[in-house]
Amino acid sequence: MREEILITERRPEAPTRRIVYEPAPAGNYWRYEELWREAKSGWHQVGCEELVARVEVSR
């Protein structure tokens with residue numbers, strides 16, 4: 001069983017950002033990008049994409 005991967009970036013001149021890699025079917029991952037919004041007291045999603053696992057076939 002794969003677990004999600006969480007990367008957090010804190011910068012003094014910009015909002016705190018985190019990237020979440022969540023397991024998806026067929027060995028792929030969903031990549032979510034989120035920003036911390038103090039006014040909303042929570043994480044706000046700004047992007048999402050599915051990352052496809054690369055499969056190599058030898059002949």
Side-chain angles (χ1 to χ4, degrees):
M1 178 179 192
R2 297 178 306 156
E3 298 180 20
E4 74 178 21
I5 300 167
L6 177 65
I7 300 169
T8 304
E9 177 184 25
R10 291 181 179 88
R11 298 178 293 169
E13 71 284 350
T16 298
R17 178 172 60 136
R18 74 178 180 185
I19 298 172
V20 180
Y21 294 94
E22 191 174 282
N28 300 336
Y29 278 90
W30 285 103
R31 180 188 184 274
Y32 297 96
E33 187 170 339
E34 302 173 330
L35 298 176
W36 177 260
R37 301 290 188 196
E38 191 65 40
K40 294 183 179 181
S41 296
W43 292 100
H44 176 69
Q45 189 177 72
V46 294
C48 176
E49 66 178 324
E50 185 175 10
L51 303 176
V52 178
R54 190 173 115 186
V55 178
E56 294 184 26
V57 178
S58 61
R59 295 178 187 208

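Leu51 and Tyr32 are not part of a single hydrophobic cluster, where members link through side-chain heavy atoms under 4.5 Å apart. In the hydrophobic clustering of this structure, Val46 does not group with Ile7; members are Ile, Leu, Val, Met, Phe, Trp, Tyr whose side-chain heavy atoms approach within less than 4.5 Å, directly or through other members.
Here Trp36 pairs with Glu38 under the side chain to side chain donor-acceptor pair (under 3.5 Å) rule; sequence neighbours left out.
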Only pairs under 3.5 Å count here: list side-chain donor-acceptor contacts from residues 10-25, not counting sequence neighbours, and write none if there are none.
{"unit_1": "Arg17", "atom_1": "NE", "unit_2": "Glu9", "atom_2": "OE1", "d": "3.0"}
{"unit_1": "Arg17", "atom_1": "NH1", "unit_2": "Glu33", "atom_2": "OE2", "d": "3.2"}
{"unit_1": "Arg17", "atom_1": "NH2", "unit_2": "Glu9", "atom_2": "OE1", "d": "2.4"}
{"unit_1": "Arg18", "atom_1": "NE", "unit_2": "Glu34", "atom_2": "OE1", "d": "2.5"}
{"unit_1": "Arg18", "atom_1": "NH2", "unit_2": "Glu34", "atom_2": "OE1", "d": "3.0"}

